[in-house]
Amino acid sequence: MIHTRIRRRAKRLAQLALAAVAAVSLAACAAVPGDGPVQLGLSDLQQAERLVQFSASGPSAGDSQEQLVRGFLLAANSSADDYAVAREFLATPYASQWDPYDGALVYEGTKPYRADGENAGMLSLAIVANVDAAGSLLPVESGASTELRFEFVRQGEEWRISSAPSGVIVDRSSFTTVWSAHQLYFLGPGERMVADPRWFLSRTALATEVVTSLIEGPSARLSQVVHSGFPPGVRLTKGTVTVADGLARVDLTGDGLENDLAQREIHAQLRSSLQSVPGVNRVELLIDGVAVADPSNPISDEPASQGAMKPVGFVDGTFGIISAAEAEPITDISEFVESLDANAVSVSRSRTVAAVRNSDGVSIISGGSVALIDQRRALLEPSVDDDLWAWTVSAADPTVIRVTTADGAQHAFSAPWLADLDVRTLRVAPGGSLVAAYINDGANSRVLVAGVIRDNDGVPTGVSEQADVEMWVGGEAIDFDWVDSQRFVALSKQGNAGKVTVGGPGMFSVEQGSVPNAVHVAGGGSRAQIRVATSDGEFYAPQGSSGWQQVANSVELLGKRG
């Protein structure tokens with residue numbers, strides 16, 4: 001159930017959106033037809049409003065129950081006037097009770113309908129994602145259909161819907177046109193900016209929705225991972241964010257806003273979170289109508305650099321940075337890796353620390369020294385985070401994660417959500433705020449993502465109690481890696497080949513082709529830097545949207561960065 005305060009916010013924003021739409025000329029709108037596929041009619045996507053408006057039609061005289069349901073779903077693509085057209089399909093007083101702001105169900109494919117008695121019907125849908133009231137999107141495992149029940153009553157001579165699922169039901173193509181993905185930014189240890197992905201309706205109230213969501217705070221998964229500069233009880237002074245000539249004016253009121261640190265953090269969060277809102281290129285913070293100057297020592301409004309990184313591995317017996325068909329040795333790292341008869345290697349993005357697995361366990365390499373740090377059986381490939389902690393976990397008991405530094409500091413914490421699962425890979429994302437586990441489940445695989453809890457010094461002290469499935473993949477799990485702080489790549493078995501799938505938190509996954517006999521995959525900061533290695537030493541790089549090109553044939557082991 002959606003919280004009451006979120007319901008009130010959503011309905012208030014609907015009213016604001018209506019007022020904004022009335023002020024925008026029809027020439028500035030992207031008209032979407034009421035039937036057929038959703039099509040964008042606006043050629044200039046750089047206009048300040050960049051408003052997407054769906055042109056919906058109400059019910060027709062004599063509509064059957066099935067026609068009502070199908071028309072209702074189509075009309076619910078338009079949020080104009082608090083979903084006024086969609087409410088025309090609903091009976092009185094249910095029309096005012098239906099809550100379209102209680103999230104969204106996103107489906108693909110056909111939608112068979114069957115009657116269920118004289119006054120009800122069932123719509124069968126292949127749901128691909130569930131969006132909650134706060135805008136957080138989670139994918140749904142493909143396969144079985146979901147049946148949704150609708151009830152009907154006679155209202156005069158016409159049928160009307162008297163009961164329907166809360167929220168909106170929308171096909172994927174319409175969803176990605178009428179809604180848009182945005183990153184809300186909160187603060188982690190060391191003033192790192194941490195992204196929290198959300199989906200919002202693309203309308204003129206978008207800046208207001210983003211700021212209101214920032215005020216409400218992070219998602220449950222990140223609640224122990226980050227904090228917000230917005231003090232409790234703060235609200236928008238006039239309930240809206242105004243945008244004019246590229247300037248978003250955010251006027252706040254409430255206790256605690258005079259604090260210098262809070263102002264610095266709020267400035268950083270606003271700049272980062274509003275940068276993806278069309279028409280916004282500057283932000284002004286006001287407190288009770290009085291402008292607050294940008295701080296003299298601002299917090300960086302950019303997340304930690306996620307630049308492209310070349311892969312690491314063994315080429316012709318030499319370990320190092322793979323460039324073309326050779327390996328360039330890494331100072332104080334390569335010679336020690338080569339001496340350990342490694343079967344898995346992770347090198348920090350700074351190239352100063354490596355974690356190596358061999359038959360003895362996992363060792364850490366730093367500053368020209370080697371130390372054995374974990375000798376548990378069935379150890380998975382290690383990971384090294386940006387704070388230079390090596391993460392190790394055993395497939396025999398994946399609920400116990402051990403973290404170790406090169407100076408000997410070590411402790412363990414629990415991840416109970418990994419109990420009784422076949423974990424194939426566990427890796428920390430660049431930036432260190434998320435950890436992902438690649439789970440095998442027979443014919444299918446999935447990626448679980450949790451938050452990383454750290455103290456003020458960046459020391460990992462635990463993982464969030466909640467872990468979400470952020471990607472479902474067909475086929476047995478083979479290998480996994482983060483591409484950057486918000487995207488990952490998974491390799492799964494497809495016959496004799498490895499299927500490559502790219503996804504991330506709050507994203508729809510995309511299959512990117514397959515590579516014969518693939519056994520390892522490595523991210524690298526961008527899709528162009530993803531690399532796949534095969535069991536016979538062949539090395540592949542992306543070519544086109546879903547193709548792969550062999551670039552070497554002597555890579556004996558592909559390692560990971562981070």
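- Residues E258 and Q263 form a side-chain contact, since some pair of their non-hydrogen atoms from C-beta on lies under 4.5 Å apart.
- No side-chain donor from either of E209 and H182 sits under 3.5 Å from a side-chain acceptor of the other.
- Atom OG of S219 sits about 3.5 Å away from atom CG of D196, to the nearest 0.5 Å.
- The side-chain heavy atoms of V469 and V447, taken from C-beta on, include no pair separated by under 4.5 Å.
- At most 12 heavy atoms of other shown residues, nucleotides or ligands fall within 6.0 angstrom of atom CG in D341.
- Of all heavy-atom pairs spanning V211 and V250, the tightest one is CG1-CG1, 3.9 Å.
- A donor-acceptor distance shorter than 3.5 angstrom exists from the side chain of R192 to the backbone of G431, with no hydrogens or angles considered.
- Between the side chains of R527 and Q512, at least one donor N or O sits under 3.5 Å from an acceptor N or O.
- Checked by atom type and distance alone, the side chain of T461 pairs as donor or acceptor with a backbone atom of I453 at under 3.5 Å.
- In this structure, D481 pairs ionically with R427, as a charged nitrogen and a carboxylate oxygen lie closer than 4.0 Å.
- Nearest heavy-atom pair, R349 versus R561, reported as atom, atom and distance to 0.1 Å: O-NH2, 3.0 Å.
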Steps toward ring pair (Phe, Tyr, Trp, His ring centres under 6.0 Å) verdict (F413, W391): CA-CA 11 Å; F413 43 79; W391 290 56; 5.6 Å; yes
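- Distance CG/L138 to CE/M507: 13.5 Å, rounded to 0.5 Å.
- At least one donor-acceptor pair under 3.5 Å links the side chain of S339 to the backbone N or O of F336.
- Proximity of a side-chain donor or acceptor of S383 to a complementary backbone N or O of V428 within less than 3.5 Å is detected.
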Residue pair R446, E470: steps toward the salt bridge (Lys or Arg N to Asp or Glu O under 4.0 Å) verdict: CA-CA 8 Å; R446 62 188 186 272; E470 291 286 1; over 6 Å; no
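- Between V106 and N130, the closest side-chain pair of non-hydrogen atoms is not below 4.5 Å.
- Counting non-hydrogen atoms of other residues, nucleotides and ligands closer than 6.0 Å to CD of E326 gives a total of 12 or fewer.
- A donor-acceptor pair is defined here as one N or O able to donate and one able to accept, closer than 3.5 Å; no such pair exists between the side chain of S136 and the backbone of D132.
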Residues E381, R357; criterion salt bridge (Lys or Arg N to Asp or Glu O under 4.0 Å); working and verdict: CA-CA 7 Å; E381 182 180 58; R357 185 188 66 186; over 6 Å; no
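- The side-chain heavy atoms of L187 and M193, taken from C-beta on, include a pair separated by under 4.5 Å.
- A donor-acceptor distance shorter than 3.5 angstrom exists from the side chain of E338 to the backbone of F319, with no hydrogens or angles considered.
- For the residue pair S180 / S202, a side-chain donor-acceptor distance below 3.5 Å is found, with atom types taken as modelled.
- Here the side chain of E476 pairs no donor or acceptor atom with the backbone of N440 at under 3.5 angstrom.
- For the pair V225/V452, no side-chain contact is recorded, criterion being any heavy-atom separation below 4.5 Å from C-beta on.
- In this pair, H411 and W389 present their aromatic rings perpendicular. The plane angle is above 60°, beyond the 30 to 60° band.
- Shortest non-hydrogen contact noted between A344 and P382 is CB-CD, 4.4 Å.
- The two atoms that bring I266 and P231 nearest to each other are CD1-CD, 4.2 Å, heavy atoms only.
- Side-chain atoms of S348 come within 3.5 Å of backbone N or O of T352 as a donor-acceptor pair.
- Proximity of a side-chain donor or acceptor of S369 to a complementary backbone N or O of S366 within less than 3.5 Å is detected.
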Audit row: V502, F488, side chain to side chain contact (heavy atoms under 4.5 Å, CB included) steps and yes/no: CA-CA 6 Å; V502 175; F488 44 66; over 6 Å; no
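- Separating the OG atom in S273 from the CZ atom in R198 is a distance of 9.5 Å, to the nearest 0.5 Å.
- The shortest distance between side-chain heavy atoms of V353 and I364 falls below 4.5 Å.
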Test log, rule side chain to side chain contact (heavy atoms under 4.5 Å, CB included), inputs L214 and Y185: CA-CA 8 Å; L214 275 177; Y185 282 92; 5.7 Å; no
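- Between F175 and W199, the angle of the ring planes lies from 30° to 60°, which puts this pair in the tilted group.
- Within 6.0 Å of CG in D455 there are more than 12 heavy atoms belonging to other residues, nucleotides or ligands.
- A donor atom on one side chain and an acceptor atom on the other are not found under 3.5 Å apart for D316 and T318.
- Taking the side chain as every heavy atom from C-beta outward, S334 and E328 never approach each other to under 4.5 Å.
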Derivation of the side chain to side chain contact (heavy atoms under 4.5 Å, CB included) call for L418 and L426: CA-CA 10 Å; L418 290 176; L426 185 137; 3.8 Å; yes
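- Taking CG of N444 as the reference point, atom CD1 of I439 lies at 13.0 Å (rounded to 0.5 Å).
- Contact annotation: the side chain of Y540 never approaches that of V500 to less than 4.5 Å [non-hydrogen atoms, C-beta and beyond].
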V521 vs I530, side chain to side chain contact (heavy atoms under 4.5 Å, CB included): CA-CA, chis, key distance, verdict: CA-CA 7 Å; V521 66; I530 296 174; 4.0 Å; yes
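- For the pair P430 and S485, the tightest heavy-atom approach, listed with the atom from each and the gap, is O-CB, 3.3 Å.
- Atom CZ in F480 sits 11.5 Å away from atom OG1 in T501 (nearest 0.5 Å).
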Salt bridge (Lys or Arg N to Asp or Glu O under 4.0 Å) between D387 and R454, intermediate numbers included: CA-CA 10 Å; D387 291 290; R454 298 177 184 267; 3.3 Å; yes
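- Taking every heavy atom of both residues into account, R487 and G525 meet most closely at NH2-O, 3.9 Å.
- A side-chain N or O of D374 and one of T392 form a donor-acceptor pair less than 3.5 Å apart.
- The backbone N or O of G513 sits nowhere less than 3.5 Å from a side-chain atom of S546 that would complete a donor-acceptor pair.
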Verdict with supporting geometry, R221 and E465, salt bridge (Lys or Arg N to Asp or Glu O under 4.0 Å): CA-CA 8 Å; R221 183 173 63 199; E465 296 178 359; over 6 Å; no
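- The CZ atom of F539 sits 12.5 Å away from the CD atom of E556 when rounded to the nearest 0.5 Å.
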